[in-house]
Engineer: 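Could you have a look at this structure, given as structure tokens, before my questions?
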Amino acid sequence: MSQSLPSSLHVEPRPHGFGAQVTGLDLSRPMSPELREAVLAAWAKHGVLSFPDQPLSLNALEAFTLQIGAFGDDPYIEPMPGHPNVLELRREADEKATNFGAGWHSDWSFMVRPPAATILRSEVIPPVGGDTLFADATRAYDDLSEAMKAMIAPLRALHSASRSYGTEGVFARDTEARTMKIKVSEEANKIWTHPLVRTHPVTGRKALFINPVYTVGIEGFSDDESKAILGHLFAEMLKEKYIYRHTWSVGTLLMWDNRCTMHFAQGGYDGHLRLMHRTTVAGEVPA
Ligand code: SIN
């Protein structure tokens, strides 16, 4: 039976309303339409939702994801056996390779339709490090000068997976063994363009849709010009006042909106296992 809107449902926003913790519901049970609406509304408002104490099997994680939307495609990483839409983000205690996600990015922004949501649930967390940081690309946009907003309004940014998954990318140059099975490919060297400023399809708010890992330039601008403009915008987005640092507990499920945030997996837990399960929800063509 589906879970109706529980009276215990509580949404606790973080400062500035960027990120919120949601308690008083059980994500292993199907959500009623009212509860789903309440979760989606909180997600639209806060961009990143954390749901502590959610002991979910992989099947339950998949079922929850499908209540948010259809699965997204996850290129370049081998999924879990028997679970083609679940990635295991696993780094062993003795692993020396850089941790996955160790650069500011918005998931798969190089795709024609980048995922709207990423859902990440913690199975094993290290006693030190391993935080995930989020940057609020909506407020960073809002606070730009009107002159800067007018200048960037018509621009299209170039996105590519090349620096990570391309034949000359970070993973192709790995010298240390890695548990996660990464697929380096020629395909990753392709470039796709998206509006540099994106309008959120639900809230109608504008956000900077760029990130240091996958945004490789701006259409029509030279490399130096692109670097100067993007460098300035990244510095704005990464100001402390736009950052939410998530420190994990075991069994927390985090759901973030790739259309208006970027994130960074901090690392700093050498000598300890970290194990997470991740799904994505399909998104739309950015506009
Ligand atoms: C990611 O970029 O999806 C990984 C985030 C994390 O492991 O904290």
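Both backbone and side-chain heavy atoms feed into the values below; hydrogens, waters and symmetry mates do not. Both counts, for ligands and for their atoms, begin at 1 and track the order of listing.
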Engineer: As an exercise, identify every atom of ligand 1 less than 4.0 angstrom from a heavy atom of Ala265.
Structural biologist: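 Close to Ala265: 5 (C), 6 (C), 7 (O), 8 (O).
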Engineer: Without swapping roles, check the side chain of Ser160 against the backbone of Thr215 for a donor-acceptor pair under 3.5 Å.
Structural biologist: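 The answer is no, because no donor-acceptor pair under 3.5 Å joins these two groups.
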Engineer: Any Lys/Arg nitrogen of Arg14 or Asp136 sitting under 4.0 Å from an Asp/Glu carboxylate oxygen of the other?
Structural biologist: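 No, this pair does not count.
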Engineer: Does Met276 come within less than 4.0 Å of ligand 1, judged by its heavy atoms?
Structural biologist: no
Engineer: Could you check Val216, Asn211, Thr193, Ile191 and say which one makes a side chain to side chain contact (heavy atoms under 4.5 Å, CB included) with His159?
Structural biologist: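 Filter result, single survivor: Asn211.
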Engineer: At under 4.0 Å between heavy atoms, is it the side chain or the backbone of Leu120 that contacts ligand 1, or both, or neither?
Structural biologist: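 The side chain, only.
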Engineer: For Trp43, enumerate each residue passing the ring pair (Phe, Tyr, Trp, His ring centres under 6.0 Å) test, keeping only those at least two apart in sequence or located in another chain.
Structural biologist: none
Engineer: Any atom of ligand 1 sitting under 4.0 Å from a heavy atom of Thr118?
Structural biologist: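 Checking ligand 1 against Thr118, which is what was asked, there is no heavy-atom contact under 4.0 Å.
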Engineer: Using the six-membered ring of Tyr141, assess whether NZ or CZ of Lys149 lies under 6.0 Å from its centre and within 45 degrees of the ring axis.
Structural biologist: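 Checked: cation-pi criterion met.
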Engineer: Should the pair Lys239-Asp143 be classified as a salt bridge under the 4.0 Å nitrogen-to-oxygen rule?
Structural biologist: no
Engineer: Could you tell me whether some N/O pair between His263 and ligand 1 is separated by less than 3.5 angstrom?
Structural biologist: yes
Engineer: If you have a sec, work out which protein heavy atom is nearest atom 4 (C) of ligand 1 and how many Å separate them, to one decimal?
Structural biologist: Leu89 CD1, 3.7 Å
Engineer: Side chain or backbone of Asn99 under 4.0 Å from ligand 1, or both, or neither, by non-hydrogen atoms?
Structural biologist: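 It is neither part, as no heavy atom is under 4.0 Å.
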Engineer: Is it true that Trp256 and Phe134 have ring centroids separated by less than 6.0 Å?
Structural biologist: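 Close enough - the centres of the two rings lie under 6.0 Å apart.
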Engineer: Less than 4.0 angstrom from a charged side-chain N to a carboxylate O is my criterion; do Glu95 and Arg274 meet it?
Structural biologist: no
Engineer: Do me a favour and list the nearest non-hydrogen protein atom to atom 8 (O) of ligand 1 with residue, atom name and distance?
Structural biologist: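 Going by distance alone, atom 8 (O) of ligand 1 is nearest to Thr132 OG1, 2.5 Å.
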Engineer: Give the atoms of ligand 1, by number and element, whose distance to some non-hydrogen atom of His105 is under 4.0 Å.
Structural biologist: 2 (O)
Engineer: Counting non-hydrogen protein atoms only, what is the nearest one to atom 3 (O) of ligand 1? Give residue, atom name and distance.
Structural biologist: Arg278 NH1, 2.6 Å
Engineer: Got the closest protein heavy atom to atom 7 (O) of ligand 1, with its distance?
Structural biologist: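 Looking only at protein heavy atoms, the one closest to atom 7 (O) of ligand 1 is Arg274 NH1, 2.8 Å.
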